[in-house]
**Q** 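Supplied in structure tokens, the structure appears directly below.
Keep in mind the model is a prediction, meaning the values are calculated, not measured.
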Amino acid sequence: MTAPVTRKKVPSSAPQSSGVVRTYYIAADEVDWDYTPISTDVTGAPHAETGDDESGAGLHHRVYHKAIYREYTDSTFKTLKTRPQQWEHLGLLGPLIRAEVGDSIRVFFRNNTHLSVTMHPHGVLYKKDAEGASYNDGTAGTVKKDDLIPPGGTYTYIWTVPERSGPAHMDGSSVLWMYHSHFVESTDINTGLVGPIIVVAKGMARADGTPKDVDREFIVDFSIFDETDSWFFEGNAGRLGRESRLKALNPLLREQNLMYSINGFIKGNIPLLTMRREEHVRWYLLSNSNEEDVHMAHWHGNTVVANGMRTDTVFLGPMAMAVADMTPDNEGIWLFHCHVNDHFMGGMVGRYQVLP
């Protein structure tokens, strides 16, 4: 997933940068998303029987209408850009945006949904006309156009990547940020509008933006998607959704529509994350913003280094962004899951494979 790199002068309205301009064509699209495209029991892990097991309800696909970010080949937004096989595990996450410290990021954005949405980045530098968030900030006129992109609308977001957006002294060669819609933030994110940004230290990026000292990268989003807080919930749930739009009125209905996912996949449906023994593997971890989004990412079989410490579990609070480095020495297929009991039993689990 490599962005075109051009050496263009950044418009004066944007922060100035001495690096290259990395250009992306990203749209918000409506899709029907299947949280269980393979089956509801990929890992084969034992679990306590529920009423769903007896009724057969657990055999059905969990499909919801959602809005997600997708990448296109050019500004016509006619042709989707093919996601490389090594990044198929991103699932419903938006396209990976890469940059090296000193670069600029130019996103040509189109809203193909019937919602009002935006793109708001974390970590990078932006002016008020590229913040992508709607609130009373003392600005007016054209500076507010980034705050709400209407259905069918387009906007160009320009962000820069100064030193303070890159790795600090306790980081490795790259750090993780995220972007998401920030019109009605919680509802936008639960609807599916979220994606990753990776920033590499100055001089540490290959031509394609990947860090020179890393052999393989994975991005994993430990997120509970609250489908009762989606813009499409009434359509997804029918009459029950209309009667229970306020989730406090029906907590059982809400629980039935909480998707305990990794990258929008539940119950092991995320593609098998594959690496080789003794590779330098970098894991980028993030989470959603619901109050239940308190996670403990855990790898079976191997260990990682996170925050300069050896561990096999990494804590994630709401809207967390973390990095863990692994040099796998233990071959096989291993479980990778959230160690919060309800989340693990709810389906926040996948697998990774270490080859010789």
**Q** Check Thr36 against Asn269 and note the closest heavy-atom contact, atom names and distance.
**A** C-OD1, 3.3 Å

**Q** For a 4.5 angstrom cut-off between non-hydrogen side-chain atoms, does Asp129 reach Thr142?
**A** no

**Q** Just checking Trp299 against Phe336, ring centres under 6.0 Å apart?
**A**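 Yes, close enough.
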
**Q** Using the test ring pair (Phe, Tyr, Trp, His ring centres under 6.0 Å), find all partners of Tyr155 that sit at least two apart in sequence or belong to another chain.
**A**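 Tyr157.
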
**Q** With a 3.5 Å cut-off and sequence neighbours excluded, list the donor-acceptor pairs that the side chains of residues 345-356 form with protein atoms.
**A**
unit_1, atom_1, unit_2, atom_2, d
Tyr352, OH, His300, O, 2.4
Tyr352, OH, Asn302, N, 3.4
Tyr352, OH, Asn302, ND2, 3.0

**Q** Would Tyr284 and Trp177 count as a close aromatic pair, with their ring centres under 6.0 Å?
**A**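 Judged by ring-centre distance (under 6.0 Å), Tyr284 and Trp177 do not meet the cut-off.
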
**Q** Indicate every side-chain donor-acceptor pair of residues 112-122 with a distance under 3.5 Å to a residue at least two apart or in another chain.
**A**
unit_1, atom_1, unit_2, atom_2, d
Asn112, OD1, Arg110, NE, 2.8
Asn112, ND2, Asp29, OD1, 2.7
Thr113, OG1, Asn111, OD1, 2.7
Thr113, OG1, Leu115, N, 3.0
His114, ND1, Glu30, OE2, 2.6
Thr118, OG1, Gly132, O, 2.7
Thr118, OG1, His182, N, 2.8
His120, ND1, Glu131, O, 2.7
His122, NE2, His180, NE2, 3.0

**Q** How would you list, by chain and number, every residue that makes a side-chain hydrogen bond (donor to acceptor under 3.5 Å, both in side chains) with Ser223, sequence neighbours excluded?
**A**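 With neighbours one apart ignored, the set is Asp221.
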
**Q** For Thr327, give me all partners under side-chain hydrogen bond (donor to acceptor under 3.5 Å, both in side chains), at least two apart in sequence or on another chain.
**A**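 For Thr327, no residue satisfies side-chain hydrogen bond (donor to acceptor under 3.5 Å, both in side chains) once neighbours in sequence are set aside.
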
**Q** Please determine which of Tyr72, Trp87, Tyr69 meets the side-chain contact (heavy atoms from CB on, under 4.5 Å) test together with Pro95.
**A**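 For Pro95, the side-chain contact (heavy atoms from CB on, under 4.5 Å) check succeeds only for Tyr69.
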
**Q** Under the 3.5 angstrom rule, does the side chain of Ser287 hit a backbone N or O of Ala320 as a donor-acceptor pair?
**A** yes

**Q** The test is side-chain hydrogen bond (donor to acceptor under 3.5 Å, both in side chains); show your working for Asp41 and Ser39 and say whether it passes.
**A** CA-CA 6 Å; Asp41 187 22; Ser39 78; over 6 Å; no

**Q** Only one of Glu255, Gln256, Arg254 forms a side-chain contact (heavy atoms from CB on, under 4.5 Å) with Thr228, so which one is it?
**A**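 That would be Arg254; it is the only one of Glu255, Gln256, Arg254 passing the side-chain contact (heavy atoms from CB on, under 4.5 Å) with Thr228.
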
**Q** Applying the ring pair (Phe, Tyr, Trp, His ring centres under 6.0 Å) test to Phe265, which of Tyr260, Trp33, Phe222, Phe225 qualifies?
**A**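 Between Phe265 and the candidates, ring pair (Phe, Tyr, Trp, His ring centres under 6.0 Å) is satisfied uniquely by Trp33.
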
**Q** If the condition is side-chain hydrogen bond (donor to acceptor under 3.5 Å, both in side chains), which residues does Thr210 pass it with, not counting sequence neighbours?
**A** Arg206, Asp208

**Q** Quick one: does Lys202's side chain have a donor or acceptor within less than 3.5 Å of a partner on Pro162's backbone?
**A** no

**Q** Quick one: pull up CD1 in Ile97 and CE in Met178 and give me the separation to the nearest 0.5 Å.
**A**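 Here the rounded value is 13.0 Å.
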
**Q** Between Asp312 and Thr303 (side chain of the first, backbone of the second, donor and acceptor by atom type, cut-off under 3.5 Å), is there such a pair?
**A** no

**Q** Before you tell me yes or no, could you show the steps for Leu335 and Phe344 under side chain to side chain contact (heavy atoms under 4.5 Å, CB included), namely the whole-Å CA-CA distance, both residues' side-chain angles and the distance that decides it to 0.1 Å?
**A** CA-CA 11 Å; Leu335 208 61; Phe344 179 44; 4.1 Å; yes

**Q** Is the backbone of Glu227 close enough, under 3.5 Å, to the side chain of Asn257 for a donor and an acceptor to pair up by distance?
**A** no

**Q** Could you walk me through whether Trp231 and Asp188 pass the side-chain hydrogen bond (donor to acceptor under 3.5 Å, both in side chains) check?
**A** CA-CA 7 Å; Trp231 289 112; Asp188 293 355; 2.7 Å; yes

**Q** Tell me if the CD atom of Glu163 is crowded by more than 12 foreign heavy atoms within 6.0 Å.
**A**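 No, CD of Glu163 has 12 or fewer neighbouring heavy atoms, counting only those of other groups under 6.0 Å.
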
